[in-house]
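Here is the structure we will look at.
A, B, ... follow the sequence lines: proteins, then strands. Residue 1 opens every chain.
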Number of protein chains: 2
Amino acid sequence: MTLKTLDNALEILKNFTYAQPAWGVRELAKKLNISHSIVYRVLATFEEHGFLVQNEETQKYELGIKFWEYGLIVKDKLKISDLIFPAMETLAAETEESIFLTWLDGLEGICLEIVESSQKVKFAVSIGSRTPLYAGASNKVIMAYLPPDKQEEIIQHGLQEYTTQTIINPDVLRRNLEEVRRQGWCYSVGEYSEEVIGIAVPLFTGKGHIAGSLTVAAPEYRFPKSKVKEVSDQLRLRAREVQSSLNTIL
Amino acid sequence: MTLKTLDNALEILKNFTYAQPAWGVRELAKKLNISHSIVYRVLATFEEHGFLVQNEETQKYELGIKFWEYGLIVKDKLKISDLIFPAMETLAAETEESIFLTWLDGLEGICLEIVESSQKVKFAVSIGSRTPLYAGASNKVIMAYLPPDKQEEIIQHGLQEYTTQTIINPDVLRRNLEEVRRQGWCYSVGEYSEEVIGIAVPLFTGKGHIAGSLTVAAPEYRFPKSKVKEVSDQLRLRAREVQSSLNTIL
DNA sequence: AACCAGTGTCTCTCATATAGAAACAGAAGG
DNA sequence: CCTTCTGTTTCTATATGAGAGACACTGGTT
């Protein structure tokens with residue numbers, strides 16, 4: 001069905017991460033328990049195409065600038081900078097809290113962009129980080145609009161308890177998602193990170209499929225429940241503006 | 001020597017560009033004059049790993065967010081944002097012109113970062129764009145510090161006349177590079193883009209190999225020759241600052 | 001309604017490209 | 001000078017991919 005050679009190659013590539021962006025041939029072969037000849041051929045081929053570069057000093061292989069180039073194309077395709085970023089900045093100014101743009105990728109959410117609030121507080125989520133779709137407002141509002149079979153796939157894959165607030169009971173989660181969908185937006189408290197609240201609205205493709213979400217996140221202590229409704233209204237207003245331009249490109 | 005399957009796969013991937021970021025299976029097969037079965041298997045395998053995604057609407061394949069993720073790792077590895085960007089901003093403020101960070105990748109220069117001058121003028125170079133190493137100050141200062149065999153490889157590969165000022169005579173180019181190396185920085189006028197001058201200084205790895213360059217670019221009409229020496233001094237000063245921190249990571 | 005020309009996907013078989021062990025060349029350290 | 005790493009190359013049996021062709025589906029045209 002699929003190409004085993006390419007499959008192996010991409011599996012090998014997966015080991016070049018943030019935490020370990022440089023690998024020696026035998027070092028990587030040892031970790032994967034395969035012949036170093038295989039690893040060598042894969043790395044050498046990637047290098048020929050500029051996807052990996054061999055550090056002249058250490059002899060180890062590292063990710064090449066080519067990946068960054070392809071990343072630029074992807075980012076451009078999403079039109080984030082032009083369309084959504086201004087709306088995020090407006091929201092950050094209005095709410096004085098941080099705004100997150102989360103995108104659906106596979107069965108996970110990925111943080112594409114953050115506009116920090118003036119009040120500096122660190123969040124556990126950073127640009128590029130992946131999070132499961134069942135925890136936190138930014139993710140749940142996406143999951144709520146997924147087709148049922150995909151929702152079940154996520155649930156069957158297992159629900160991890162990130163905090164004491166994470167919903168790990170499948171039935172409770174299903175009812176919660178239904179409510180989110182009925183309401184059109186999502187409010188959550190400390191489901192993915194302790195003491196962080198989130199208010200999120202969905203963003204759709206032109207065909208009406210879920211594409212991502214726009215989220216206001218704030219530390220729980222400075223966000224009274226009385227403000228939730230007001231902020232959700234602001235969010236929905238800006239999301240509608242963004243949505244019309246998204247319709248033409250997605 | 002190399003893996004033909006992976007080689008083909010990456011060759012197929014090369015067709016996903018800025019200009020055409022979405023391809024249908026048969027469409028791409030036709031362009032490459034190969035069986036659509038082959039293309040399908042390659043695209044499907046890339047998709048399984050998140051490097052490509054199939055657009056549900058058009059059925060076409062597009063570059064996946066995974067590339068952007070890997071791009072983040074690469075960008076982080078280069079430490080541009082933390083180390084060099086502040087120096088670029090300082091230089092932009094001091095000179096009131098645009099500052100370019102160019103990096104060596106293969107036998108080309110790639111523009112990693114730009115800090116625009118307050119005086120808005122458009123340049124032909126944008127973030128992510130690749131340029132040959134023999135044209136323009138930002139590139140020539142890199143080429144000047146390459147080992148002779150690589151210089152010759154570039155020259156043998158052919159010199160294209162971007163403007164009337166582009167040096168396309170191999171002997172003239174060789175002498176020019178030698179002079180640049182002796183001087184330690186490079187000044188050029190309209191070699192890659194008409195009516196644009198550039199003043200560039202090299203950046204090195206810890207081992208003393210050329211890594212990239214820092215460039216001041218300006219429209220010719222507002223940049224008197226008398227200012228060249230002054231600006232080159234400013235550039236060299238900031239480059240020295242950046243260099244010390246680069247030594248520890250490259 | 002029937003047809004045609006598209007599409008992405010899947011199946012099959014033969015030719016071949018790859019896996020994996022083992023050898024090689026070079027560097028670093030004791 | 002031996003040991004022990006490293007990345008690289010060679011070799012052959014065999015698992016794997018190339019490529020043609022069929023399939024199921026869609027959208028437009030007659």
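The backbone N or O of V172(B) sits nowhere less than 3.5 Å from a side-chain atom of N176(B) that would complete a donor-acceptor pair. For the pair W23(B) (side chain) and N15(B) (backbone), a donor-acceptor distance under 3.5 Å is present. When atom types are taken as modelled, the side chain of Q54(A) and the backbone of Q59(A) share a donor-acceptor pair closer than 3.5 angstrom. Distance alone, capped at 3.5 Å, places no donor-acceptor pair between the K77(A) side chain and the P21(B) backbone. Looking at N55(A), its side chain never comes within 3.5 Å of a backbone N or O of K60(A) through a donor-acceptor pair. Put simply, the side chain of E191(B) never gets that close to the backbone of A137(B): no donor and acceptor are under 3.5 Å apart. In this structure, Y134(B) contributes its side chain and Q160(B) its backbone to a donor-acceptor pair below 3.5 Å.
The listed nucleotides are dG7(D), dG21(D), dG8(C); the one nearest the side chain of V25(A) is dG7(D). Considering only side-chain atoms of S37(A), the nucleotide from dG7(D), dT9(D), dT8(D) that sits closest is dT9(D).
One atom, CZ of F46(B), and another, C1' of dG8(C), lie 18 Å apart when rounded to the nearest Å. Between E57(B) atom CD and dG27(D) atom C1' the separation is 15 Å, expressed in whole Å. Distance, N55(B) CG to dT26(D) P: 17 Å, rounded to whole Å. One can place CD of E56(B) at 18 Å from P of dC25(D), the figure rounded to the nearest angstrom. Rounded to a whole Å, the CD1 atom of I34(B) is 10 Å from the C1' atom of dG19(D). Between K30(B) atom NZ and dG8(C) atom C1' there is a gap of 13 Å when expressed in whole angstrom units. Remark: P of dC25(D) and CD of Q59(B) are 13 Å apart, rounded to the nearest angstrom.
Residue Q54(A) places at least one side-chain N or O closer than 4.0 Å to OP1 or OP2 of dT8(D). Using a 4.0 Å cut-off, no side-chain N or O of Y40(A) falls inside it from OP1 or OP2 of dT10(D).
No hydrogens or angles were tested; on distance alone, nothing pairs the side chain of R26(B) with the base of dG6(C) as donor and acceptor under 3.5 Å.
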B/S/- contact track for nucleotides 12-19 of chain C, protein heavy atom under 4.0 Å: -----SSB
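A residue-by-residue look at E27(A) and H36(B) shows that E27(A) has its nearest nucleotide of DNA chain D further toward the 5' end.
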